[in-house]
S.K.: 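Let me begin by handing over the structure; questions about it come next.
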Amino acid sequence: MDGSIAPEGQAADDTWTVAGRTFRSRLIVGTGRYKDLEETGRAIEASGAEIVTVAVRRVNLSDAGAPMLQDYVDPKKYTYLPNTAGCFTAKDAVRTLRLAREAGGWNLVKLEVLGPPPLLYPDMQGTFEAAEALIKDGFEVMVYCADDPLAAKRLQDMGCVAIMPLGAPIGSGLGLQNPAMLTMIMENITVPFLVDAGVGTASDAAIAMELGCDAVLLNSAIAHAKDPILMAKAMKAAVEAGRLAYRAGRMPRRMGADPSSPLTGLIR
Amino acid sequence: MHSSVTLTLNGESRVFEGPADGPLSVAALLVLIGLDTRKVAVERNEEIVPRSRYAETWLVSGDSLEIVHFIGGG
């Protein structure tokens, strides 16, 4: 048959592309908050992720020979996405990513400029400043941001390569609190659109994908699960299921029953 | 003659003995600390030191260095 609908078996061709790099997995995972580096490596493997976020921190000079993340999460196998976690000003974020670029040679970065605890909500003023400086300096910026349609559009117009609003505060595990707003923002965004932060369990990731997100970024939901490896597998399946459901197109909602079995031919 | 160099390394004041034949380079400092240069990045007085220039970047007393690497993060 010469139909235009790809058979389900060709789902492997359902890729997405950010800043010219094409990926199969639509799950980006963080590498933080695990028990140890060994567990980090195993959880990431189980998640099927191809991109991992990493933080930039001072080397412990009193233990220079300590194992490093690269020994457990191979930068040749995974695309490292350096972040600016812990940066509360544009200056610190830009400084951090310049160091990251020198340490790894990567231009593709995750920018986040945060407001104070307890919310760590995106500081959009600082985010704009940092995005401008980074783009000018040749970085390809995937940006964590508020679920603000105007801010998201402005970041895209500035040249950010992916828009990544929060579904709920970082590490809260509250799930997507704003699905309607995320959908409305997405309508004006043409670069990849991801939910970054807020996912607590597999169904949250599936919901993000069903909304039409290109990918989902999460960390704590796996790292803080009782069994991180099992949750990594769950997230992989959820993101795939959510994506398939989005492509399949859900049935319309209706206020009332619509029987699945025919009403004709009933015995009397 | 060795000359000592006082540096602020990742926020801590440390004294290093420079080599006999000249000033201390970033490359020599990393060897003294025992770090794999391929896995770190160095900032000197808030300016990146490109890896290609470690051997010819000379340190003087009062310099402040940040030496960073990648760790797990979300």
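In this text the structure is predicted, and so the values were computed from the model without any measurement. Numbered from 1 within each chain, the chains take letters A, B, ... in sequence-line order. No hydrogens, no waters, no symmetry mates; every other heavy atom, side chains included, goes into these values.
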S.K.: Would you find a donor on one side and an acceptor on the other, under 3.5 Å apart, between the side chain of A/E102 and the backbone of B/R51?
M.R.: yes
S.K.: Under a 4.5 Å heavy-atom cut-off, does chain B meet the side chain of A/D63, its backbone, both or neither?
M.R.: neither
S.K.: Which region of A/A197, side chain (C-beta onward) or backbone (N, CA, C, O), has a non-hydrogen atom less than 4.5 Å from a non-hydrogen atom of chain B, or is it both or neither?
M.R.: neither
S.K.: Report the option among A/E112, A/R95, A/R101 that has the most heavy-atom pairs separated by less than 4.5 Å from atoms of chain B.
M.R.: A/R95
S.K.: Counting heavy-atom pairs closer than 4.5 Å to chain B, which one of A/V54, A/I170, A/V29, A/V52 comes out on top?
M.R.: A/V54
S.K.: Give me the atom names and distance for the closest heavy-atom approach of A/L61 to B/I33.
M.R.: CD2-CG2, 3.8 Å
S.K.: Roughly how far apart are B/R38 CZ and A/M68 CE, rounded to 0.5 Å?
M.R.: 10.5 Å
S.K.: Using a 4.5 angstrom heavy-atom cutoff, name the option from B/G34, B/A41, B/G11 with the most pairs to chain A.
M.R.: B/A41
S.K.: Between A/L217, A/L69, A/I28, which has the largest tally of heavy atom pairs under 4.5 Å with chain B?
M.R.: A/L69
S.K.: Crowded around B/E47 CD? As in, over 12 foreign heavy atoms under 6.0 Å?
M.R.: no
S.K.: Taking atom CD as the centre, does B/E56 end up with more than 12 heavy-atom neighbours from other residues, nucleotides or ligands that are less than 6.0 angstrom away?
M.R.: yes
S.K.: Out of A/G171, A/P82, A/A85, A/A100, return the one with the most heavy atom pairs under 4.5 angstrom to chain B.
M.R.: A/A100
S.K.: State whether the number of non-hydrogen atoms from other residues, nucleotides or ligands found under 6.0 Å of A/K233 atom NZ is greater than 12.
M.R.: no
S.K.: Indicate yes or no for a side-chain donor-acceptor contact from B/N10 to the backbone of A/N60 under 3.5 Å, with no hydrogens or angles considered.
M.R.: no
S.K.: If you tally heavy-atom pairs under 4.5 Å against chain B, which of A/G30, A/A103, A/G86 wins?
M.R.: A/A103
S.K.: Take a 6.0 Å sphere around CZ of B/R53 and say whether it holds more than 12 heavy atoms from other residues, nucleotides or ligands.
M.R.: no
S.K.: Taking everything shown except A/E132 itself, do over 12 heavy atoms lie less than 6.0 Å from its CD?
M.R.: no
S.K.: Please report the interatomic distance CD(B/E66) to CZ(A/R57), rounded to the nearest 0.5 Å.
M.R.: 11.5 Å
S.K.: In terms of relative ring orientation, are A/Y80 and B/F70 parallel, tilted or perpendicular, with 30° and 60° separating the classes?
M.R.: perpendicular
S.K.: Chain B: which of A/L99, A/N219, A/V56 shares the most heavy-atom pairs with it under 4.5 Å?
M.R.: A/L99
S.K.: Looking at CD of B/E46 and CZ of A/R98, how far apart are the two atoms once the value is rounded to the nearest 0.5 Å?
M.R.: 11.5 Å
S.K.: For A/R33, which atoms come within 4.5 Å of any heavy atom of chain B: side chain, backbone, both, or neither?
M.R.: neither
S.K.: With respect to A/V59, which candidate in B/I67, B/I71, B/L9 satisfies the side-chain contact (heavy atoms from CB on, under 4.5 Å) definition?
M.R.: B/I67
